[in-house]
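Scope of the values below: all heavy atoms of this structure, side chains included, with no hydrogens, waters or symmetry mates. Quick caveat: nothing in here was measured; it's all calculated off a predicted structure.
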Amino acid sequence: MSPMKNQVRYADYLRAIGAGRRELSFNAIVPSEGRDARGRPLPKPATGPIRLHPDEILRLLQPYVSVRFLDQLKAVAPLALYLALFQILILRQLIDESWLITGGLFAVTLGLMCFMEGLKLGLMPFGELIGHRLPRRSPLPLVLLITLLLGIGVTFAEPAIGALQAAGQNVSPERAPYLWALLNPWSGVLVLVIGASVGLAAVLGTLRFLYGWSLKPLIHASLVPVLGLTLYGASQPELAKVLGLAWDAGAVTTGPVTVPLVLALGIGIAAAAGRGDSGLSGFGIVTLASLFPVIGVLLLAFYIAGTVTPAEILAAATVAGASTGDLAWYARSPGVEVLMGLRAILPLVLFLFVILKLVLKDDLPRPREIWLGIALTVIGMCLFNLGLTYGLSALGGSAGSLVPAAFMEIPGAEDSPLYRYGVGLTLAVVFAWVLGFGATYAEPALNALGVTAEQLTNGFFKKRTLILAVSIGVACGIALGLTKLVFDLPLVWLIVPPYLLAAVLTLVSSEEFVNVAWDSAGVTTGPITVPLVLAMGLGLGQATQAVEGFGILCLASIGPIISVLLTGLWARRRLGRQAPAAQRAPVTHSVLEAQSSL
């Protein structure tokens, strides 16, 4: 059979027969609004707001919410599952109140979803608007004063600050009176001092953006008082117990609220002065914001030690313990968590609104969207605080208190020690190392820093290399922190030598690697990692009869600084070896063309 000569595309055939569809003009189904005297069509009347049924709203929000919920679930679930499986399979202990902890973890996930979405819709546009307009309309001293006050406000709004305040309930006033005083009657002043330190760091970082200062001298100038005060505190037996809290306070401040808002203002000032196009714009504030709080907390501890005696602190602790039975609703859970959430966000929003109205004399763009974002931020913070109490802190404290059962006898753990001393201790250290590596490797902010590092080094320092270096550094730091609690090692000898090594490495490293390395320490301390590691450290400290359980976070911060600086020096040395070989290699025609075009 001969092939057909007249062939027709199937799509054309369907179009010709209509394929079961009927085509109508839009004008035929929309009623005409009429015409004016000149024959021109009249404009259509303005339509009112679209009314949607609840099921339609649900279908619209479902894909939007599910993606954001899964983003936070990916950060919470693997760590929680790892801790639970380690406790059940390795430590052979069931999790107490597992349903309550599961509900708390769900509240953490839901709270973080609302908080991060509200931050993106409400607080971030608010802060970026002020960051872009304030430097152009106000003198520099006023801008720096507002930056200082903003640093205080954002510190109160950090989710992990609640974990730091909640840690005071696990400190014994008899064994560490000044540490108990800082975390209980002086806890409000403590957060204020941390916030003022972050504000000063933001001011100095902003001046660095403005005048193009190198970060190296600022790091060395900051390390002198930090290490000096640390050595002095270590020489006093009671003040030595505060060192872990002071160094951990620096790790808590660089979270999802502080860094974006302060950076928006600092880069806005640099851009207003015509210096916002530097590749290193944005670096430095995180570094200084993690060092300055150490100075502030140590100075506050020295002030308390000079004005209050341990006997007075013990008397205050006895009175506080006797009055716990008749606490008001806002001093008990869940009222205290909700109140902490409101106190964290609303003063910051009020401060930003006052700056916008009184200083800038501007109106909010997209006010309904921004107020919706602020409402989501408040709801998210309250839910996160509740989940922190019943989920993250409970799970971390449970796992931390049972880890020593692997190698020593502890009350409440059946058949402890579960393994021989060497095997059990090795399991505990490996557990801490894997926890640090996994939590850091999955950190979204680290991925963004890796992209920036790759751009700064023209692709030579790969994103994957940075992520591995930082993850290994954090893992080694957390493992060292666990070892410190098990053997009750003095923190000063675990902190001062690594920071002296980091200072030497900073001196011989290039500016790009110094910026990336020191900022990587702040990137790794997210709202999930900080409460979990804090609770685990406090639980481990109680189980091993350590005086305090702080210090793991600060060791997890110095680890990535050293690992990234060492990796940078290795990369520079390898580049130096490759350069002579590249010069000896014959130059091809395409390379000559590329060089001439450049």
(message) Within the 4.5 Å heavy-atom criterion, are L83 and F431 side-chain neighbours or not?
(response) yes
(message) If the test is side chain to side chain contact (heavy atoms under 4.5 Å, CB included), which one of L392, L383, L386, T389 qualifies with V108?
(response) L392
(request) Look up atom CG in L491 and atom NZ in K241, then write down how far apart they are to the nearest 0.5 Å. (result) 14.5 Å
(request) Measure the shortest side-chain to side-chain distance between C382 and E337 over non-hydrogen atoms and say whether it is less than 4.5 angstrom. (result) no
(message) I'd like to check P417 versus F407 (side-chain heavy atoms, cut-off strictly below 4.5 Å). Are they in contact?
(response) no
(request) For residues G400 and P404, report the shortest heavy-atom separation together with the two atoms involved. (result) O-CD, 3.3 Å
(request) Return yes if some donor-acceptor pair links the side-chain N/O of Q236 with the main-chain N/O of G233 below 3.5 Å, else return no. (result) no
(request) Decide yes or no on side-chain contact (heavy atoms from CB on, under 4.5 Å) for W570 and L566, but give the supporting numbers first. (result) CA-CA 6 Å; W570 166 78; L566 287 173; over 6 Å; no
(message) I'd like to know whether CD of E97 has more than 12 heavy-atom contacts from other residues, nucleotides or ligands below 6.0 angstrom.
(response) no
(request) Might you point out which heavy atoms bring L94 and Q87 nearest each other, and give the distance in Å? (result) O-NE2, 3.2 Å
(request) For L494 and L480, run side-chain contact (heavy atoms from CB on, under 4.5 Å): C-alpha distance rounded to whole Å, both residues' side-chain angles, the deciding distance at 0.1 Å, then the answer. (result) CA-CA 8 Å; L494 300 177; L480 183 61; 4.2 Å; yes
(request) Could you tell me how the ring of F302 sits relative to the ring of Y232: parallel (under 30°), tilted (30 to 60°) or perpendicular (over 60°)? (result) perpendicular
(message) Is it the case that the side chain of T230 and the backbone of V226 share a donor-acceptor pair, with hydrogens and angles ignored and the cut-off at 3.5 Å?
(response) yes
(message) Can a donor-acceptor pair be found, under 3.5 Å and without considering hydrogens, that links the side chain of T506 to the backbone of K216?
(response) no
(request) Evaluate the ring planes of Y82 and F86, with Trp represented by its six-membered ring, and classify them as parallel (under 30°), tilted (30 to 60°) or perpendicular (over 60°). (result) tilted
(request) With the side chain counted from C-beta on, respond yes when T426 and V430 share a heavy-atom pair under 4.5 Å apart, and no when they do not. (result) yes
(request) Report the distance from atom CD1 of I95 to atom CG of L100, rounding to the nearest 0.5 Å. (result) 12.0 Å
(request) Report the distance from atom CG of L215 to atom CG of N515, rounding to the nearest 0.5 Å. (result) 5.0 Å
(message) I need the minimum non-hydrogen distance between A517 and I561, along with the two atoms involved.
(response) O-CG1, 3.7 Å
(message) Testing the basics here: between F550 and K484, what is the closest heavy-atom pair and its distance to 0.1 Å?
(response) O-NZ, 2.9 Å
(message) Using side-chain heavy atoms (C-beta onward) and a distance below 4.5 Å, is I495 in contact with L243?
(response) no
(request) For the pair S401 (side chain) and L540 (backbone), establish whether a donor and an acceptor sit closer than 3.5 Å, ignoring hydrogens and angles. (result) no
(message) Do C114 and F384 make a side-chain contact, defined as non-hydrogen atoms from C-beta onward lying under 4.5 Å apart?
(response) no
(request) To the nearest 0.5 Å, tell me how far L85 CG sits from L81 CG. (result) 4.5 Å
(message) Using a 3.5 Å distance criterion without hydrogens, assess whether the side chain of S398 forms a donor-acceptor pair with backbone atoms of L395.
(response) no
(message) With rounding to the nearest 0.5 angstrom, report the CG to OG distance, D248 to S557.
(response) 8.0 Å
(message) Show the nearest heavy-atom pair for residues L288 and P293, with the distance to one decimal.
(response) O-CD, 4.2 Å
(message) Can you see whether Y419 has R92 sitting over its ring - NZ or CZ less than 6.0 Å from the centre and within 45° of the normal?
(response) yes
(request) Determine whether the aromatic ring centres of Y499 and W247 lie less than 6.0 Å apart. (result) yes
(message) Can you confirm whether I562 sits close enough to P498 that some side-chain heavy atom of one is under 4.5 Å from a side-chain heavy atom of the other?
(response) yes
(request) For residues I304 and W186, determine if any side-chain heavy atom of one lies less than 4.5 Å from a side-chain heavy atom of the other. (result) yes
(request) Please name the pair of heavy atoms, one in A432 and one in L482, separated by the smallest distance, quoted to 0.1 Å. (result) CB-CD1, 3.8 Å
(message) Using 0.5 Å steps for rounding, measure from the CG atom of L229 to the CG atom of L299.
(response) 5.5 Å
(message) Using side-chain contact (heavy atoms from CB on, under 4.5 Å), reason through S509 and V514 one step at a time and then give a plain yes or no.
(response) CA-CA 6 Å; S509 298; V514 168; 3.9 Å; yes
(message) Could you go through L110 and M113, starting from their C-alpha distance and side-chain angles, then the distance that decides it, and tell me whether this counts as side-chain contact (heavy atoms from CB on, under 4.5 Å)?
(response) CA-CA 5 Å; L110 192 62; M113 181 195 73; 3.7 Å; yes
(message) Is a donor from one side chain sitting under 3.5 angstrom from an acceptor on the other, for W518 and S290?
(response) no
